[in-house]
Structures are given as structure tokens and as C-alpha cells.
Amino acid sequence: MYGLIYYNMLQIYTWPTKCLNTKSTPFDFEKGVPGYNDLEKFQTDMINLMIASKGIGLAANQIGINKRFFCIGHESFDVFSKPVIIWNPKIVRSSEETVLDLEGCLSFPDIWVQVKRPKKVTVTWQNMNNEKLVQHLDGMESKCFQHELDHLDGINFNKRVSKMRWDMAKKKAMKT
């Protein structure tokens, strides 16, 4: 196993674990999360794992669950200043304006790389009460949402950069 950090029953998987390349299927509130009878307890555990790992986002497939949800949150964010789980997320609009910014990932410890993404996105998702919500995101919050949604599509940030840029980031990580 390639575990990084554990919290109760949850574990973060690191590259090259297969679950990181798998496209997730929609989350069904009636079926819930495998291994958990209490959705609130699961949400607390996943958020605590993200916080203990010093992350600002954590996707379901990073903990070995092939469903469409992730947690996101940081005190510097406007919308998600408190961590929450985003169920069945979608991007419905992206700005033409893009930004190139440094990204890291809990599944790729110590690797940081410049990734180009749309600056702003409009997103939809469901909350824990199965209510559909819409929000406009900008800056770091937008980047984080896009990064976690990529995970749910089986896309890791190493696929968003050139081979040369990726090789340079790995080499730099090995020096630290």
C-alpha cells in the first residue's frame, strides 16, 4: 500500500496507486459511503484527514472511493472558508482568462508544479442535504475546486503540464 496519512478508517493513497487514475461514478445519497453507516461521521473523518494532512482539498479517489465527491476548505477562501464535502460537483462555466499558478497534491508528496487553469469557474454541487447549489469561484478557491474535480475524472496534475516541467518538479522534490 502507498498510504500517506491515516485518519480512523481513511487513508490517502499516493502515486502511482491505480485508484488515482480512475474516473469516479456519481454519488448516491441512498447508498451512502461504503463502510460508513453515518454520512455525517464520514464527512467529519474525511475533513479531519484533509486538515491533518495540511491540505485544502481531498478527492474521494485519493482515499480509494470511486464516487464523485471531494472536500475543500481553507480560512482564506471566500465561499468554502470552513471545510465541507462537495457531492457530485460540476463546472458549468469557465472564464477565458487563465492563470499559471503553483499547485501541490497530497497524493504527490513534496512535488510542486506550475499549472495553467481558468481563473474563474461557476460550479454546481449537492450539499449533505442533497440540495443543489451554484457558486462562482475565483483565485485559489477556483484552482482548488478544479484540481479536485480533475481527480474525480481520473486526471492528476502531472497530466496538466509538459513532460519537461513535470520532470523538473520531480527532480526538485527529490532534492528536498
Side-chain angles (χ1 to χ4, degrees), residues 7-10 12-13 19-107 115-157 159-160:
Y7 188 87
N8 286 344
M9 295 177 20
L10 302 178
I12 297 175
Y13 291 93
C19 62
L20 297 174
N21 295 319
T22 304
K23 186 169 181 169
S24 300
T25 59
F27 179 76
D28 183 336
F29 283 92
E30 289 184 23
K31 292 182 181 176
V33 177
Y36 275 84
N37 295 328
D38 183 348
L39 197 56
E40 284 187 43
K41 168 85 170 102
F42 172 79
Q43 179 167 283
T44 299
D45 286 354
M46 185 171 180
I47 288 170
N48 285 336
L49 175 61
M50 178 189 77
I51 292 168
S53 306
K54 297 182 177 27
I56 58 174
L58 180 64
N61 58 342
Q62 289 180 277
I63 59 173
I65 299 173
N66 186 30
K67 295 295 173 190
R68 294 194 73 79
F69 64 87
F70 58 79
C71 59
I72 185 174
H74 189 266
E75 61 192 22
S76 67
F77 289 172
D78 293 328
V79 177
F80 304 114
S81 59
K82 293 185 178 171
V84 65
I85 292 190
I86 303 296
W87 308 93
N88 297 315
K90 293 179 186 166
I91 294 175
V92 293
R93 192 170 331 154
S94 300
S95 67
E96 289 184 28
E97 181 183 2
T98 59
V99 291
L100 183 65
D101 202 2
L102 200 59
E103 289 188 22
C105 181
L106 296 174
S107 293
V115 179
K116 187 176 187 179
R117 296 189 184 274
K119 183 179 185 315
K120 298 177 183 180
V121 291
T122 302
V123 299
T124 63
W125 77 95
Q126 293 166 280
N127 65 14
M128 199 152 113
N129 298 323
N130 199 6
E131 299 167 321
K132 190 172 181 179
L133 303 166
V134 178
Q135 191 65 50
H136 305 288
L137 304 176
D138 192 0
M140 178 72 84
E141 202 165 19
S142 171
K143 177 177 73 171
C144 183
F145 194 101
Q146 293 174 69
H147 177 107
E148 300 310 326
L149 189 57
D150 272 356
H151 274 300
L152 301 183
D153 290 330
I155 300 167
N156 296 290
F157 75 152
K159 300 299 182 202
R160 293 275 181 209

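Under the 4.5 Å side-chain criterion, counting only non-hydrogen atoms from C-beta, L58 is not in contact with S53. Contact of the F70 side chain with the Q62 side chain is not registered, since no non-hydrogen atoms from C-beta on lie closer than 4.5 Å. A 4.5 Å side-chain heavy-atom check between Q135 and I86 finds every atom pair outside the cut-off. Between W125 and V84, the closest side-chain pair of non-hydrogen atoms is not below 4.5 Å. Put simply, the side chain of C144 does not reach to within 4.5 Å of the side chain of F80, judged on heavy atoms. Taking the side chain as every heavy atom from C-beta outward, L137 and F77 never approach each other to under 4.5 Å.
Here F27 pairs with F29, F69, W87 under the ring-ring contact (aromatic ring centres under 6.0 Å, His included) rule; sequence neighbours left out.
In this structure a side-chain-to-backbone donor-acceptor pair under 3.5 Å is missing from T98 to K116. With hydrogens and angles ignored, the 3.5 Å screen pairs no side-chain donor or acceptor of N61 with any backbone N or O of G64. For D153 (side chain) and I155 (main-chain N/O), no donor-acceptor pair under 3.5 Å exists by modelled atom type. Without hydrogens or angle criteria, S107 side chain to Y13 main chain gives a donor-acceptor distance under 3.5 Å. Between the side chain of N129 and the backbone N or O of E131, no donor-acceptor pair lies under 3.5 Å. Checked by atom type and distance alone, the side chain of D45 never pairs as donor or acceptor with a backbone atom of L10 at under 3.5 Å.
Ion pairing of E103 with R160 is absent here, as no side-chain N (NZ or NE/NH1/NH2) approaches a carboxylate O to less than 4.0 Å.
S95 and P118 make their closest contact through O-CB, 3.7 Å (heavy atoms, listed as atom of the first residue, atom of the second, distance). Contact record, N66 with S24: OD1-CA, 3.0 Å, taken as the closest heavy-atom pair. Of all heavy-atom pairs spanning M50 and P83, the tightest one is CE-CB, 3.8 Å. Among all heavy-atom pairs drawn from P89 and L152, the shortest one is CG-CD1, 3.7 Å.
Side chains of S142 and Q146: a donor-acceptor N/O pair is present below 3.5 angstrom, by distance only. Counting only N and O atoms by type, the side chains of T25 and K67 include a donor and acceptor under 3.5 Å apart.
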